[in-house]
Structures are given as structure tokens and as C-alpha cells.
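Below is one structure, written out as C-alpha cells, with a few remarks after it.
As a basis for the values below, the full set of heavy atoms in this structure was taken, side chains included, without hydrogen atoms, waters or symmetry mates. Only a predicted model underlies this, so the values are computations on that prediction, with no experimental measurement involved.
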Amino acid sequence: TLVTSPSHKGTTMCHPDFTRPLSLEEYRRIQGFPEKWKLVGSLRHKYEQLGNAVPLPLAKAVGDAVVRMLQ
């Protein structure tokens, strides 16, 4: 689970090799969003958008399962 802020006190989500929080690009990759997708708003809003998103691979898997159940 990604939090909605890279400096959220309740997270230990940080880069494994460097002392820094994960970047927006790293959040985007973890959630499965294509690099070409644009986020809008302030830096805080961008972290919120990615932190609140359902990962795309998970959404696809759920959608595919629903389609199979309905067929």
C-alpha cells in the first residue's frame, strides 16, 4: 500500500539504496501506470492521486474475473 504523502509518518516506504522517499515516478511504476500518463495538480495532489489509486494490474485482474463470471 502506498500512502498519499512521501513523508507520511506511518510509512517506512523509502528507496532501498538511498535515504529518501520514493519519487512520483517510482509511485507511478509501483501502481502500474504508464510513464506517458500525466498527473495534474500540486506535488501533494499528485502523491494523493497515486496513493489512492487502485493498481492497474489489480483492476485489470478484477475486471477480467468479473467478465469471466458473467459469461
Side-chain angles (χ1 to χ4, degrees):
T1 300
L2 297 177
V3 295
T4 58
S5 169
S7 60
H8 191 276
K9 291 183 180 181
T11 184
T12 57
M13 188 70 87
C14 62
H15 194 278
D17 298 325
F18 304 104
T19 307
R20 64 168 180 79
L22 295 177
S23 69
L24 282 172
E25 291 75 25
E26 291 163 330
Y27 260 50
R28 185 186 326 233
R29 286 184 205 117
I30 289 169
Q31 293 290 65
F33 286 94
E35 295 293 322
K36 65 182 178 182
W37 282 25
K38 301 293 180 198
L39 299 169
V40 296
S42 68
L43 183 64
R44 182 178 68 95
H45 286 128
K46 291 175 183 178
Y47 272 102
E48 287 175 355
Q49 289 172 48
L50 292 170
N52 288 328
V54 174
L56 293 185
L58 174 60
K60 181 174 180 352
V62 170
D64 290 346
V66 169
V67 168
R68 282 193 305 275
M69 295 287 288
L70 294 173
Q71 292 177 338

Where do A53 and Q31 come nearest, in terms of heavy atoms and distance? O-NE2, 2.9 Å
E26 side-chain N/O to S23 backbone N/O, donor-acceptor pair under 3.5 Å: yes
Can you name the salt bridge (Lys or Arg N to Asp or Glu O under 4.0 Å) partners of E35, sequence neighbours left out? R29
The criterion is side-chain contact (heavy atoms from CB on, under 4.5 Å); which residues satisfy it with L56, sequence neighbours excluded? F33, P34, W37
Which residue pairs pass the side-chain hydrogen bond (donor to acceptor under 3.5 Å, both in side chains) test with at least one member in residues 50-62, sequence neighbours excluded? K60-D64
Quick one: does L22's side chain get under 4.5 Å of I30's, heavy atoms only? yes
Do L24 and L43 pass the side chain to side chain contact (heavy atoms under 4.5 Å, CB included) test, and can you show the C-alpha distance, the side-chain angles, and the key distance before you say yes or no? CA-CA 9 Å; L24 282 172; L43 183 64; 3.5 Å; yes
Between P57 and G32 the two heavy atoms that sit nearest each other are CD-CA, 4.0 Å
With sequence neighbours left out, the residues meeting side-chain contact (heavy atoms from CB on, under 4.5 Å) with L39 are R28, K46, Q49, L50
